[in-house]
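Reviewing the structure listed below.
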Amino acid sequence: MDTPATSRDADLLAPLTPPQREAVTHVDGPLLILAGPGSGKTRVVTHRIAYLLRRGIPARSIVALTFTNKAADEMKSRLASLAPQQSVWMGTFHRFCARLLRQYASLVGLAENYSIYDVADSREILKAAIEEEGIELTHVTPESIAHAISWAKNSLIGPDDYVPSRGRQIGGIVERVYPKYQKRLLAANAVDFDDLLMHVAALLKENPELRQQLDEKYRYILVDEYQDTNLAQYAIVRALSIDHPNLAVTGDPDQSIYGWRGANLSNILEFEKDFPNVKVVRLEQNYRSTKSILRIADELIEHNVRRKKKHLFTDNPEGDPVRLYAYPSQRDEAEHIAMMIAEAIRSGRRRPRDFAVFYRINALSRQFEQALREHVIPYQIVNGLEFYQRKEIKDVLAYLHLINNPRSEAAFLRIVNTPPRGIGKSTISRLQAHAAQHGVSLVDAARQAGIVPDINKKSAIAVARFVAMFDRVCLVAHAPVEEIVGTVLAESGYREVLENSEDEEDQERLANVEELLTDAREFDMRHPGDGQLEQFLEETALVADTDAWETESDKVSLMTMHAAKGLEFPIVFIVACEQGLLPHERSMQDEEKVEEERRLLFVGITRAQQELQLSYAQYRMFRGVLAPAIPSPFLMELPRQEMELSDSATARRTTPDWEESQLASGEEEKGDTSFDVAAFDDDYSQESPEPRRKKKAVTKVTGVVTAAELLAEQENGVKRTPPGMFKHGMHVTHPQYGAGQIVALSGEGPKRRASVRFGDGSERKFVLIHADLRPAGE
DNA sequence: TGTGAGTTGATTTTT
DNA sequence: TCAACTCACA
């Protein structure tokens with residue numbers, strides 16, 4: 001098969017560097033491409049597929065597996081321009097498995113019309129399983145049980161093989177709940193996300209002939225983001241590459257950020273051991289970022305131990321120094337960034353789409369949304385309540401799910417009384433009991449509602465009406481999807497309820513439901529012919545939030561660093577680089593997790609092409625409490641001497657600014673943020689130069705004065721309001737700052753502290769027994 | 001059975 | 001902060 005490259009291939013190979021070319025022209029045998037950020041990985045993969053096709057390998061023998069739909073789409077469109085008319089299967093692991101499972105469902109105890117449950121559906125089933133076992137959750141949450149089960153599935157540990165690790169309370173619970181949960185899923189003819197992988201892995205393991213057949217069918221397999229594969233994915237790919245080990249994987253251990261989802265870094269670190277005669281290609285030249293950005297990234301990631309060393313380099317220009325900014329508060333952070341963006345756009349230097357703001361957790365997006373709105377800058381958020389997660393959409397889809405798979409427990413529970421039709425909680429649990437007792441589905445139990453004990457006549461009639469309605473919509477099960485959705489909306493009364501509602505939100509819901517109709521229509525056009533309901537449901541189940549991101553629109557992008565993987569932007573702001581957030585508090589105990597957090601920041605940094613700013617706030621409101629923030633320890637690992645720091649006083653100081661600012665964050669007695677805003681004087685604080693300058697002066701004094709103030713207070717016999725008097729939301733006055741309102745209280749006794757927001761928008765913390773803070777009007 | 005007020009409790013990342 | 005859950009009442 002391996003014919004050498006010819007001059008015919010010049011168009012394909014000419015634009016490539018030698019290492020890239022080496023990877024592209026590798027045809028048979030395992031191939032490991034270690035691709036640093038911005039090293040042209042997608043280009044290599046697509047060019048290689050085009051090259052394989054030119055060598056006469058049929059398109060149907062090639063499969064490209066990606067992590068996200070977005071990545072698959074990107075690959076598809078790139079390949080389309082290289083090798084038009086050729087349809088190579090590209091998609092996510094989950095989609096690939098869903099498709100296989102459709103075909104071989106019976107081998108794992110499912111019917112081919114199985115449902116794919118999303119996280120919310122799965123959670124409902126899990127709760128039911130927990131209840132069934134009669135477990136009182138005291139120290140564990142359904143969340144943690146779900147995580148343990150997910151972990152087990154990704155590690156290919158079935159419900160009957162689960163052995164709890166000793167000493168952990170949760171283990172025993174999982175051991176009991178996992179089999180019940182799995183039984184329920186099978187009874188409902190449903191799978192969760194993890195099952196898609198686990199079932200297929202089991203399928204391949206237990207059916208050698210089928211494995212061989214599929215190995216033969218998919219002779220050339222490419223896996224993108226290999227560093228993020230888990231054991232199940234590894235097993236699947238491995239099983240399909242025994243007779244034809246033409247497995248090409250690309251990845252970067254330094255960009256592995258899904259350990260919490262079971263990704264196993266060993267998969268890539270030990271690829272060379274797993275597959276003999278591996279061809280290894282390293283792509284280390286970066287075409288994306290400036291030298292200064294790349295150096296920052298490199299220095300940071302050097303602090304990780306568990307990695308393959310590599311040296312990133314670029315021919316790109318040096319570029320501006322990376323900025324490291326400290327802000328007094330999150331509000332200042334958002335405001336300043338929005339202002340810089342607004343300014344760059346107004347001057348015509350930049351367009352909104354040139355900018356991206358990254359944060360660790362979605363909850364941090366609000367400040368930035370608000371600030372961008374105030375500056376009338378268009379933006380898009382990758383996350384939020386994604387379309388298919390909205391209640392009204394899930395409701396309507398649940399009808400479709402139940403039509404497609406009448407055994408689905410989650411779908412039944414969701415719609416049986418949506419919209420309200422007089423079927424209450426007790427009736428439903430009686431139906432559930434009846435279903436469990438007689439081993440029938442909930443729909444069938446509902447059919448027998450008349451004979452179920454304890455269900456009164458009124459309720460039984462309501463249930464009968466529901467069943468009749470369900471049977472009516474089932475009549476159109478094989479119609480085009482748009483027609484099914486239309487019938488559901490009409491027959492269920494869902495549309496009527498929304499139309500007659502006064503609630504404005506319901507009008508929005510109605511619009512969303514109409515949008516779903518449009519979706520269905522588009523789907524029908526793409527899939528002519530009837531009976532496509534199942535495929536429509538599969539598509540909707542496997543789309544992710546990140547897929548909604550619009551590449552083309554001219555907007556500022558807001559997203560988590562996880563969502564940013566695989567993207568690039570001219571200017572990037574990474575915000576809230578604070579301990580507890582980055583690294584996240586749940587990762588701080590474990591050095592391996594800290595390394596993953598470091599990689600996450602590495603991913604964020606390496607998205608930037610021309611400019612990068614890292615920032616943190618000294619006070620942050622989180623979960624409704626204002627607390628001092630400590631800069632992320634990762635920031636201290638960066639070469640700060642070559643970065644632009646926001647604190648202009650730094651140069652004058654002999655002590656490193658760092659320790660001091662940390663100290664300041666912890667020392668509330670100063671009564672101020674002790675933040676040097678001098679660096680902002682030019683652009684930022686112009687809107688209100690007076691309060692700012694005053695604040696700066698105050699900073700210098702209060703730190704020293706607190707004690708003296710206390711002394712003076714004693715001498716003068718000034719009466720302080722007792723700390724106990726202060727209440728949340730109370731209006732207060734301060735001799736220096738004027739009128740304000742208490743936004744948070746913390747601590748007890750002499751340490752009792754209050755956060756006060758003043759008229760100028762600033763927030764300050766006071767130790768109440770020290771500060772001359774009085775209730776307003778006294 | 002449905003609704004609304006009030007309380008509590010928990011807060012990451014995503015196919 | 002905010003969503004989920006409880007509980008009382010219509």
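In what follows, every chain begins at residue 1, and chains take the letters A, B, ... in the order their sequences are listed. Atom set for the values below is all heavy atoms of this structure, side chains included, hydrogens, waters and symmetry mates excluded.
No side-chain N or O of A:R598 forms a donor-acceptor pair with one of A:S632 less than 3.5 Å apart. Between the side chains of A:S365 and A:N362, no donor N or O sits under 3.5 Å from an acceptor N or O. For the residue pair A:Q227/A:E225, the side-chain donor-acceptor check at 3.5 Å is satisfied. The closest side-chain donor-acceptor pair between A:Y117 and A:R123, if any, does not fall under 3.5 angstrom. Side-chain contact check for A:D254 and A:N304: no donor-acceptor pair (N or O, by modelled atom type) lies under 3.5 Å.
Listed candidates were B:dT14, B:dT15, B:dT11. Nearest to the side chain of A:R586 is B:dT11. Side-chain proximity of A:V119 to the nucleotides B:dT15, B:dG2, B:dT13 is greatest for B:dT15.
B:dT15 atom C1' lies 4 Å from atom NE2 of A:H94, rounded to whole Å. The CZ-P distance, from A:R599 to B:dT12, rounds to 20 Å in whole Å. For the pair A:D590 CG and B:dT13 P, the interatomic distance rounds to 19 Å; values are reported in whole Å. Whole-Å rounding puts the A:Y117 OH to B:dT15 C1' distance at 18 Å. Rounded to whole angstrom, the span from the CZ atom of A:F67 across to the P atom of B:dT13 amounts to 15 Å. Protein atom CD of A:E578 is 17 Å distant from nucleotide atom P of B:dT12, rounded to whole Å. Going from atom NZ of A:K70 over to atom C1' of B:dT14 covers 11 Å, rounded to whole Å. We find that CD of A:E596 is positioned 12 Å from C1' of B:dT14, with the value rounded to whole Å.
The aromatic ring of A:H584 is not stacked on the base of B:dT13, since the criterion of ring centres less than 5.5 Å apart with planes inclined by under 30° is not met. A:W260 qualifies as a stacking partner of the B:dT13 base, centre to centre under 5.5 Å and near-parallel within 30°.
Between A:S587 and B:dT12 there is no side-chain N or O to OP1 or OP2 distance below 4.0 Å. Of the side-chain N and O atoms in A:T427, one or more sit less than 4.0 angstrom from OP1 or OP2 of B:dT1. Side-chain N/O atoms of A:N362 include none lying less than 4.0 angstrom from OP1 or OP2 on B:dT12. Taking 4.0 angstrom as the limit, A:S459 places a side-chain polar atom (N or O) nearer than this to OP1 or OP2 of B:dT1. For B:dT14, one of the phosphate oxygens OP1 or OP2 lies less than 4.0 angstrom from a side-chain nitrogen or oxygen of A:T560.
Among A:T66, A:T250, A:T68, the one residue that satisfies the side-chain hydrogen bond (donor to acceptor under 3.5 Å, both in side chains) test with A:D224 is A:T250. A side chain to side chain contact (heavy atoms under 4.5 Å, CB included) with A:Q233 holds for exactly one of A:L197, A:V200, A:N154; it is A:L197.
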Output side-chain donor-acceptor pairs under 3.5 Å for residues 410-422 of chain A, partner residues at least two apart or in another chain, one line each.
residue : atom : partner : partner atom : Å
A:R414  : NH1  : A:D395  : OD1          : 2.6
A:N417  : OD1  : A:R421  : N            : 2.7
A:N417  : OD1  : A:G422  : N            : 3.3
A:N417  : OD1  : A:I423  : N            : 3.2
A:N417  : ND2  : A:I423  : O            : 3.0
A:T418  : OG1  : A:R414  : O            : 2.6
A:R421  : NH1  : A:I415  : O            : 2.8
A:R421  : NH1  : A:V416  : O            : 2.9
A:R421  : NH2  : A:Y399  : OH           : 2.9
A:R421  : NH2  : A:S492  : O            : 3.4

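Using a 4.0 Å heavy-atom cutoff across all strands shown, A:F622 reaches no nucleic acid atom at all. Among the heavy atoms of the strands, none lies under 4.0 Å from A:F93. Using a 4.0 Å heavy-atom distance criterion, A:N417 is classed as a sugar-phosphate-only contact.
A salt bridge between A:E369 and A:R366 is absent, with no side-chain N of the basic residue lying under 4.0 Å from a carboxylate O of the acidic one.
C:dC5 and B:dT12: their C1' atoms are spaced 23 Å apart (whole Å).
Between A:N456 and A:K593, the one whose closest nucleotide on DNA chain B sits nearer the 5' end is A:N456. The 5' end of DNA chain B is approached more closely, in terms of each residue's nearest nucleotide, by A:S426 than by the other of A:S426 and A:L197.
Between the side chain of A:R360 and the base of B:dT13, at least one donor-acceptor pair of N or O atoms lies under 3.5 Å.
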Its contact letters, B for base, S for sugar-phosphate only and - for none at protein heavy atoms under 4.0 Å, make nucleotides 2-10 of chain C read S--S-----
